[in-house]
Structures are given as C-alpha cells and as structure tokens.
There are 2 protein chains.
Amino acid sequence: MIGAAILAGTFAEGEFLDEAVLAREVGTSRTPVREALHRLQAERFVDLVPRRGAQVRVVTATEMRQIYQARFVIEANAIGKICDRRLGAPPEAPELIEALETAGRNQDWNEFAQLDQRFHSCIVQHQGNAVLAQMYDSLRPRQVRLAVRTITQGPERFPTIEREHRELEAALNAHDASLSTRILNVHLQEVPELVRAFSE
Amino acid sequence: MIGAAILAGTFAEGEFLDEAVLAREVGTSRTPVREALHRLQAERFVDLVPRRGAQVRVVTATEMRQIYQARFVIEANAIGKICDRRLGAPPEAPELIEALETAGRNQDWNEFAQLDQRFHSCIVQHQGNAVLAQMYDSLRPRQVRLAVRTITQGPERFPTIEREHRELEAALNAHDASLSTRILNVHLQEVPELVRAFSE
DNA sequence: TGGATGCTCCGTGTATACAAGGTGTCCACA
DNA sequence: TGTGGACACCTTGTATACACGGAGCATCCA
C-alpha cells in the first residue's frame, strides 16, 4: 500500500507511528493500516514492539555496509554462474542501460535509482535461481531510503555508474567472470564509502 | 503464533485455508488469524491471493534445489570470510555437535533437525553480517516441511551428517577455506539429491 | 445436449466497538 | 524537595458486524 511510499522519507528515524493518525491521513480505518505496518515490518522498515506500536527503524551505517556486502555475495555468485554457462548479459540489459542514461541526462533521479536497481536485479534473475533473486530484491526497500540521501549529495557519481554498467555488460558478454566480478566489486563499494563519508 | 506450527505438516499443498474455520479451531477471532496468515506469507508458507484467501504453497523439487543453492552461496561466503580472518569455528560449535550426536542416538529427529539448522546458522552468524544471517535463517521455514519427509525416509544418513559437521569444524579451525567449502558442498548436495529421488 | 448468462452463496476486505495493557503524570509522604 | 505509588488516559490488540467481490451452480436458449 501507499504506506511504504509514505515511509520512504517522511518519518523521522526512531519515531513511533500512531495507527489512528495514519488511518485518518490515508482516509481509511485502522485495520488496513495495521496490515500495512506488518508488511513494513517484514520489509524491515519498522520494528513492531508489543503494546507500543511501530517504530521507524534506524538504518545504521553498519547495516548499510552489510546490505551491500550481501548484494555483492549474491550478485557475484550470479555473475560467476552466468559466465560459467556462457549465458552472456541479460537480454534486457541494453535497453535498461539506455533508459538509465536518458534518466541521467534528464536528471530524473527517482527513475535513475529505479533503473539501476532493475539492471542489477535482472542480472541476478538471469542466473535462474528464483530464491536468490527474491532475496536480492528484498534488500531493495532498505536501500531506497538511503538512495534519497545519496542522490541529493553526489550527483557527480552518475556518469561513473553508467560507465560501469556498460563495462559489466561487456564483461558478461565476454564470459569473463573475473573481470565482471572486479567491476561489480568497485561498483558496489562506492555507495558504502559515500555513506561512511556522510555519517562520520 | 501457533499457525506456523499447525502448517508444518497438517495441510495439503494447494489447499485454501478458511479464516473462519482456523479461527474456530484456534479458539480466537478472525483478526489474529489474518495476521498470522500474513506472517506465513512473509515466510513463504502460503500465497495470499486477493479475494480468494491463503493458499498453501507447493514446494517443488526445483525450489528446494534453489533453496539449497542459496544456502550454499551464503554459507560458503561465510566460511571464506571466517578462514580469511582466521576466526576458527564458532565457539558454540562443539556443544552443538555434541547435542546433535545425542539427538541422533536418541533418534529424536525433531531435535536433530533443529540442531543441524542451529549449527549451520551459527557458522553464518560467526561471519558477523547480520543481514546475510537473517537471510540465511529466513530459508529455514521452507526446509522444515521437507525435513519431515526426509527424516522418515533416510535415517541412515544421520551418521554421515554428524561426521561432516565434525570435519567442517576441524577445517574451520585449520583456517582451510577450500577444504571447508568442499565439505559444505558435499553436505548440502545430499539433501536435494534425496528430494529428487523421492519426486521422480 | 451444450454453452452462456444470471443469480445466489460463501469467503475475504474493511470498519467500528470493546478490552487490556502500558506510560506518564500527579499527589502524598518521607 | 525528592521519590515512590496509584490513577487516568492513550494506544495497541481483539472481536464482531457489514460490504464487496468472485466462484459455482442452475436454468434457459440455441
């Protein structure tokens, strides 16, 4: 529900969310709000503490680093398998890269972040393991909130991202696992470094 | 809630669960039952199809194989990191192995399956990445249902499991990443093979 | 006799009322 | 004046009643 969207940036970390207030704002009753909050807990947006309610989770720099490590573990594995089986880059890759560059030129950062995610997600899916793909995608919501912060602070990074996507596609098509992994490693290490730069 | 326990073995795959009936059986109202079903969806036990209700998911052989692949990806990564940093086996490992052997002697298969999971889980946690650890543990519920089937069919495997756990602990203490990974690979490949043997 | 359409029933989705528990404040006593 | 206890209010957890939508069956027409 829209609850997720609302949470993306509008509530303070650590804040307790009042079901009745949310219900009034959304124009519905408490029941759907409760269900939305439970979904948000599953997505690690909030902690549901008994008899107290839903507390907006603080995403620490440590957790963010761990999320990117997790991404690397899953995506590097996918890349390895893709190169082993000589599958080449995913068929959707070219158009996603194209769209990403368009979004970059238009400075549409929302679209940019979404396309970036879809690019990486389709690589993981290309491996053919739905369980791993679903796990990978489940990391997304937690990255979104961060994305809002990073985008506003470091837009000069975008050309780099675009270039690395193209390089990764080429490396996959060349079935070069070691090169692909190196590119991915650099690509995924930039963001945590940016985060650390903010928070320290 | 107990809903999870109920589901562990009592409902047919593909069956639609009636909220009112469940509520009556548990002795509560529909509201908590609904919440439980939503949690079960998050744990991939059921599919919530709109206006139809909660359908018990069929866990296919393919999905099971993918789950074990996912386990291998995460746990092998953990092993690699543990050996790199020369951390050695987790401190809880010896007592878990001990308890596992006791459970095996007593033919307490429920306890056995649980301890097996805890052993592997603590290896992943030993790496220190909570996000990956949580992902790894989230695979557990789907394996439980299978465990019931496998245990009844192949109890002769248990000494092998115990031996491999001991070998893995030793390899971790020797900081031997490649040996540890080989042991894990064999260890995790047995179950999917067993599954395939049943379902084909 | 087969297919399509409409009706009815059943089950989920939502709203609201009630119960229970916790937190914060206020007052009394040391 | 500070601390401890009790009470009241507020918020979550649960129950129940109502609305909405779909699925299945029966009937009618070709």
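Residue numbering restarts at 1 for every chain, and letters A, B, ... go by the order of the sequence lines. Note that this is a predicted model, so its numbers are computed, not measured.
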Next on the checklist: It should be established whether Thr28(A) places a side-chain nitrogen or oxygen under 4.0 Å from OP1 or OP2 of nucleotide dT14(C).
Outcome noted: no
Item to check | Residue pair Gln127(A) / Arg85(A), side-chain donor-acceptor N/O under 3.5 Å | outcome: no
Next on the checklist: Pairing donors with acceptors under 3.5 angstrom, does anything connect the side chains of Asn129(A) and Gln69(B)?
Outcome noted: yes
Spacing of [X] atom [atom1] relative to [N] atom [atom2], expressed in whole Å:
X	N	atom1	atom2	answer
Phe16(A)	dT11(D)	CZ	P	13 Å
Glu19(A)	dA15(C)	CD	C1'	14 Å
Leu48(B)	dG22(D)	CG	P	16 Å
Leu17(B)	dC10(C)	CG	P	19 Å
Leu37(B)	dG11(C)	CG	C1'	13 Å
Gln55(B)	dA23(D)	CD	P	12 Å

Item to check | Flag if over 12 foreign heavy atoms under 6.0 Å of CZ, Arg166(A) | outcome: yes
Item to check | Atom CD of Glu15(A): over 12 foreign heavy atoms under 6.0 Å | outcome: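 For Glu15(A), atom CD is crowded (more than 12 foreign heavy atoms under 6.0 Å).
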Checklist outcome for this item: Residue pair Ala20(B)/Thr31(A) against DNA chain C: nearer the 5' end by closest nucleotide is Ala20(B)
Checklist entry - Pick from Glu63(A), Glu13(A), Gln41(A), Glu43(A): which one makes a side chain to side chain donor-acceptor pair (under 3.5 Å) with Arg57(A)? => result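 Result for side chain to side chain donor-acceptor pair (under 3.5 Å) with Arg57(A): Glu63(A).
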Next on the checklist: Given dT12(D), dT14(C), dA15(D), identify the nucleotide with an atom nearest to the side chain of Arg34(B).
Outcome noted: dT14(C)
Next on the checklist: Whether Arg71(B) engages the ring of Tyr136(B) as a cation-pi pair (distance to the six-membered ring centre under 6.0 angstrom, angle to the ring normal within 45°) should be assessed.
Outcome noted: no
Checklist entry - Is Glu35(A) touching bases, backbone alone, or none of the nucleic acid, heavy atoms closer than 4.0 Å? => result nothing
Between the protein and nucleotides 18-24 of chain C, list every N/O to N/O distance that falls short of 3.5 Å.
{"unit_1": "dA20(C)", "atom_1": "N3", "unit_2": "Arg51(A)", "atom_2": "NH1", "d": "3.4"}

